[in-house]
Amino acid sequence: MQRFSQVEKYIEENVIEMVELEKILVPVKALAPENGGDGELEKCLVLEKYLRSHGIELLSRYDAPDSRVSSGIRPNMIAEIPGESSDYTLWVCAHLDVVPQGELSLWDSDPWQVTVRDGKIFGRGVEDNQQGLCSGVLAALSFVHQKIKPRHTIKLLFMADEEVGSNYGMNWLLENHGELFSKNDRILIPDGGDEKGETIEIAEKNLLWLKIHTIGKQAHGSRPDQGCNAKLAACDLAMRLHGLEKVFSKNDPAFEPPYSTFQPTMQYQNVSGVNIIPGDDVFCMDMRILPVYSLQEVMEKVLCVIAHIESEYGVRVETEKLQSEESRATSEDAPVVRELKKAISEVHGIEPRCIGIGGGTVAAGLRNMGFDAVVWSTMEETAHQPNEHAVIENIARDAKTIAFMALI
């Protein structure tokens, strides 16, 4: 395709511009309130200014109300590059928010300033999800700056709130503006992948996060007979819930790991002294369940385990669902999968394969609404880690893949 040769050359010659965009975005700490931040508005405005100054002017905002942030809103922005045909839209969906830096001493450089070395960009958010964001922007600019119309309209979606549940991002958009998407659309989410770009995620494990509060009776450490040790009961409960991996034991090699996982994770502080038997204990469970099992049957079993602990230890246990998501799969025969495979083959020179993952992405909400979505990118998967980085060449390669899809 002659047009693809033109946009490919542009992308190769201008990928350095995306390094500059990363340098602009990283210092803007787009943290959710749950992570001690004030949301994504400032970052959205910085990105909007950049896009307009570079010729992308068809921008629209869909702001979710959130009284916890100073602006009162969580922004979701769409940039549109009109195509020759309106039969469907190619979506590239990236998120604006990032996670906190974590332990600063583990970083080799300032996480909130971009460092470039050895063909890589270092900084918080440079891969998750600004690599995918920049690939989409670079693909769009390759058309806009050369006045080339893509065959199909491209829409870049910049979402809020992906890191802590998407209640103000994709899920809010689907609930309040579901008309934005069409069943014919090709929806690409560049928020997961591998170093070669050969895996296309089309399915996710069902997700269940629980906060578990065990209530006993506080007592002096020397008089356990006068109390009811909530910590002791909670430890047994955590181990029994972990043991559900042997109950829901089916395997599916499309996923890594190929089995359902039931993992105790975050522990809340209980008492403040060694000689105090805790009357309260709070911990969390992260459960990733193969789609062959419903969350209803899993929750029923969880409650049976809890009832046994309550009876054995004389405690009361309360549960709170922090996240609960079931996800249908995108068919391997879906147009977006076939076309992405073709683009990867042409641009990357490899034959991709479809997989499922244990992590949760915004694709789940889309799939459950009947929209075929895929998660794909070429990345080293350093998200949420110290020294998070993105390979500059991957930004260019994935931008070419997006541009190819827009020209099919």
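The basis for the numbers below is simple: all heavy atoms, side chains too, and nothing from hydrogens, waters or symmetry mates.
A donor-acceptor distance shorter than 3.5 angstrom exists from the side chain of Ser294 to the backbone of Glu297, with no hydrogens or angles considered. Of the possible polar contacts, none joining the Asn35 side chain to the Gly37 backbone as a donor-acceptor pair under 3.5 Å is found. Side-chain atoms of Lys205 come within 3.5 Å of backbone N or O of Tyr259 as a donor-acceptor pair. Within the 3.5 Å criterion, the main-chain N or O of Met379 finds no donor-acceptor partner in the side chain of Glu127. Without hydrogens or angle criteria, Tyr293 side chain to Ser249 main chain gives a donor-acceptor distance under 3.5 Å. Side-chain N or O atoms of Asn176 include one that pairs as donor or acceptor with a backbone N or O of Trp172 at under 3.5 Å. Between the Thr153 side chain and the Gly83 main chain, a donor and an acceptor come within less than 3.5 Å of each other. Judged by distance alone, the side chain of Glu312 and the main-chain N or O of Ile309 form no donor-acceptor pair under 3.5 Å. Judged by distance alone, the side chain of Asp252 and the main-chain N or O of Pro258 form no donor-acceptor pair under 3.5 Å. Proximity of a side-chain donor or acceptor of Asp185 to a complementary backbone N or O of Ile187 within less than 3.5 Å is not detected.
Ser166 and Asp161 are not linked by any side-chain donor-acceptor pair at a separation below 3.5 angstrom, with hydrogens and angles left out of the test. Looking at Asn394 and Glu195, their side chains never bring a donor and an acceptor atom within 3.5 Å of each other. Between the side chains of His308 and Arg240, at least one donor N or O sits under 3.5 Å from an acceptor N or O. Using a 3.5 Å distance cut-off with no hydrogens or angles, the side chains of Glu103 and Ser105 do pair a donor with an acceptor. For the residue pair His384 and Glu163, a side-chain donor N or O sits within less than 3.5 Å of a side-chain acceptor on the partner. Inspection of the Glu204 and Thr361 side chains reveals an N or O donor paired with an N or O acceptor under 3.5 Å. There is no side-chain donor-acceptor pair under 3.5 Å between Asn387 and Trp107. There is no side-chain donor-acceptor pair under 3.5 Å between Asp281 and Thr214. Between the side chains of Tyr313 and Asp236, at least one donor-acceptor pair of N or O atoms lies under 3.5 Å. A donor and an acceptor atom, one from each side chain of Glu22 and Gln131, are nowhere located under 3.5 Å apart. Counted by atom type alone, Asn270 and Asp280 present zero donor-acceptor pairs between their side chains at under 3.5 Å.
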(request) In sequence, state the C-alpha distance, the side-chain angles, and the governing distance for Lys400 and Asp398, and then conclude on side-chain contact (heavy atoms from CB on, under 4.5 Å). (result) CA-CA 5 Å; Lys400 294 175 190 178; Asp398 291 1; over 6 Å; no

(request) Apply the test side-chain contact (heavy atoms from CB on, under 4.5 Å) to residues Met18 and Val137: give CA-CA distance (whole Å), side-chain angles for both, the deciding distance (0.1 Å), then the verdict. (result) CA-CA 8 Å; Met18 294 303 100; Val137 169; 4.2 Å; yes

(request) Given salt bridge (Lys or Arg N to Asp or Glu O under 4.0 Å), test Glu40 with Lys43 step by step and report yes or no. (result) CA-CA 5 Å; Glu40 306 86 357; Lys43 186 172 180 179; over 6 Å; no

(request) Check step by step if side-chain hydrogen bond (donor to acceptor under 3.5 Å, both in side chains) holds for Glu245 and Thr261. (result) CA-CA 6 Å; Glu245 290 186 2; Thr261 58; 5.1 Å; no

(request) For the pair Ile392 and Val116, evaluate side-chain contact (heavy atoms from CB on, under 4.5 Å) and give the outcome as yes or no after the intermediate values. (result) CA-CA 9 Å; Ile392 297 172; Val116 181; 4.1 Å; yes

(request) Begin with the C-alpha distance, continue with both residues' side-chain angles, and end with the deciding distance and a verdict on salt bridge (Lys or Arg N to Asp or Glu O under 4.0 Å) for Arg124 and Glu388. (result) CA-CA 6 Å; Arg124 177 54 84 221; Glu388 176 183 353; 2.7 Å; yes

(message) Go through it in stages, so that I can follow the logic: the residues are His152 and Tyr88, the test is ring pair (Phe, Tyr, Trp, His ring centres under 6.0 Å), and I'd like the CA-CA distance, side-chain angles, deciding distance and then a yes or no.
(response) CA-CA 7 Å; His152 304 281; Tyr88 66 80; 4.0 Å; yes

(request) Give the C-alpha distance, both sets of side-chain angles, the deciding distance and a yes or no for side-chain hydrogen bond (donor to acceptor under 3.5 Å, both in side chains) between His54 and Glu17. (result) CA-CA 11 Å; His54 286 74; Glu17 178 64 30; 3.3 Å; yes

(request) Start with the C-alpha gap between Asp191 and Ser377, add the side-chain angles, then the distance that decides, and say whether side-chain contact (heavy atoms from CB on, under 4.5 Å) holds. (result) CA-CA 7 Å; Asp191 195 17; Ser377 188; over 6 Å; no

(request) Determine, step by step, whether Trp376 and His348 satisfy the ring pair (Phe, Tyr, Trp, His ring centres under 6.0 Å) criterion, reporting the C-alpha distance in whole Å, the side-chain angles of both residues, the deciding distance to 0.1 Å, and the verdict. (result) CA-CA 13 Å; Trp376 172 84; His348 292 246; 5.5 Å; yes

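Between Ile402 atom CD1 and Ile11 atom CD1 the span is 8.5 Å, to the nearest 0.5 Å. In this structure, the separation between CD on Glu80 and CG on Leu157 is 12.5 Å, given to the nearest 0.5 Å. In this structure, the separation between CD on Gln218 and SG on Cys228 is 12.5 Å, given to the nearest 0.5 Å. Between atom CD1 of residue Ile395 and atom OG of residue Ser135 there is a gap of 6.0 Å, rounded to the nearest 0.5 Å.
Looking only at side-chain heavy atoms (C-beta outward), Leu133 and Leu156 stay at 4.5 Å or farther from each other. In this structure, the side chains of Pro33 and Val69 come closer than 4.5 Å at one or more pairs of heavy atoms.
Within a 6.0 Å radius of CD in Glu380, more than 12 heavy atoms belonging to other residues, nucleotides or ligands are found. For Glu12, the CD atom sits in a packed shell: over 12 heavy atoms of surrounding residues, nucleotides or ligands are nearer than 6.0 Å.
A centroid separation of less than 6.0 Å is found between the aromatic rings of Phe248 and Phe262. Between Tyr62 and His177, the gap from one ring centroid to the other is short of 6.0 Å.
Between Lys9 and Glu13 a salt bridge is recorded (basic side-chain N to carboxylate O distance below 4.0 Å). The pair Asp118-Lys120 fails the salt-bridge criterion, with no side-chain N (NZ, NE, NH1 or NH2) lying under 4.0 Å from an Asp/Glu carboxylate O. Electrostatic pairing of Arg316 and Glu310 does not count as a salt bridge here, judged by no charged N lying under 4.0 Å from a carboxylate O. With salt bridges taken as basic N to acidic carboxylate O contacts below 4.0 Å, none links Arg151 and Glu84. Salt-bridge annotation for Glu48 and Arg61: present, with a side-chain N of the basic residue lying under 4.0 Å from a carboxylate O of the acidic one. Ion pairing of Glu318 with Lys211 is absent here, as no side-chain N (NZ or NE/NH1/NH2) approaches a carboxylate O to less than 4.0 Å. The pair Arg288-Asp286 meets the salt-bridge criterion, with a side-chain N (NZ, NE, NH1 or NH2) lying under 4.0 Å from an Asp/Glu carboxylate O. A salt bridge does not link Glu346 with Lys341: none of the charged nitrogens is closer than 4.0 Å to a carboxylate oxygen.
Only one option out of Arg328, Arg367, Arg338 pairs with Asp372 in a salt bridge (charged side-chain N to carboxylate O under 4.0 Å, His left out); it is Arg328.
Relative ring orientation between His145 and Tyr10 is described as perpendicular, the plane-to-plane angle rising above 60° on a 0-90° scale split at 30° and 60°.
Between Leu51 and Ala79, the shortest heavy-atom contact is CD1-CB, 4.3 Å. Annotation for Leu322 and Cys284: closest pair CD1-SG, 4.0 Å, computed over non-hydrogen atoms.
For the pair Lys149 and Phe143, the cation-pi test (distance below 6.0 Å, angle within 45°) is failed.
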